[in-house]
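Reading through the structure tokens given below for one structure.
Keep in mind that this is a model prediction, so the values were computed, not measured.
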Amino acid sequence: MASTACFVIVSKNDIPIYEAEVGSAPKREDQAYQHQFILHAALDVVQDLAWATNTISIHTRFMLLHDSRSEDGIKSFFQEVHELYIKIFLNPLYLPGSRITSSHFDTKVRALARKYL
């Protein structure tokens, strides 16, 4: 079955620092815009929830729009992508909050998406 997913890492200033359309479903341009719209709306909900629960110190958010039903796969995907992000973050040449342009990071994220989603 063809699946679709859109993964975004958002900085504390609400700027997307990494975006990837992943999945085996054919990609359409209008669908990519729809995914961005849904993720931005979800970001508003996450921020409202953070304010309501007094969790103000959210710095980086990992957001995934998917049609998968595998909760264990999604959890594993997030854990491994978080490890990759930490490696990027600890790189002395990376400026926190700037776009992640590493082709190695992109390749690894897409491979993890194929593996878990």
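- Across all non-hydrogen atoms, the minimal contact from R61 to S11 is NH2-O, 2.8 Å.
- For F62, the CZ atom sits in a packed shell: over 12 heavy atoms of surrounding residues, nucleotides or ligands are nearer than 6.0 Å.
- Interatomic distance, CD1 of I100 versus CG of N91, reported as 10.5 Å (0.5 Å rounding).
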Mind listing the side-chain donor-acceptor pairs of residues 102-109 below 3.5 Å, one per line with the distance, residues two or more places apart or on another chain?
| from | atom 1 | to | atom 2 | distance (Å) |
| --- | --- | --- | --- | --- |
| S102 | OG | H104 | N | 3.3 |
| S102 | OG | F105 | N | 3.1 |
| D106 | OD1 | Y18 | OH | 2.5 |
| D106 | OD1 | R110 | NE | 3.1 |
| D106 | OD2 | R110 | NE | 3.1 |
| T107 | OG1 | S103 | O | 2.8 |

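- Here L90 pairs with I86 under the side-chain contact (heavy atoms from CB on, under 4.5 Å) rule; sequence neighbours left out.
- The nearest pair of heavy atoms linking I17 to G97 is CG2-O, 3.3 Å.
- A pairwise comparison of heavy atoms in P16 and V8 identifies CB-CG1, 4.1 Å as the closest pair.
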Item to check | Steps toward side-chain contact (heavy atoms from CB on, under 4.5 Å) verdict (I9, T60) | outcome: CA-CA 7 Å; I9 300 176; T60 305; 3.5 Å; yes
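- Clustering ILVMFWY residues whenever any of their side-chain heavy atoms sit less than 4.5 angstrom apart, transitively, puts L112 in the very cluster that holds F89.
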Side-chain polar contacts of residues 72-79 - donor-acceptor pairs under 3.5 angstrom, sequence neighbours left out - could you list them?
| from | atom 1 | to | atom 2 | distance (Å) |
| --- | --- | --- | --- | --- |
| S76 | OG | D72 | O | 3.0 |

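- Atom SG of residue C6 and atom CD of residue E19 lie 6.5 Å apart, to the nearest 0.5 angstrom.
- To the nearest 0.5 angstrom, E83 atom CD is 13.5 Å from I88 atom CD1.
- Following chains of ILVMFWY side-chain contacts shorter than 4.5 Å, one can reach V81 starting from Y94, so the two form part of one hydrophobic cluster.
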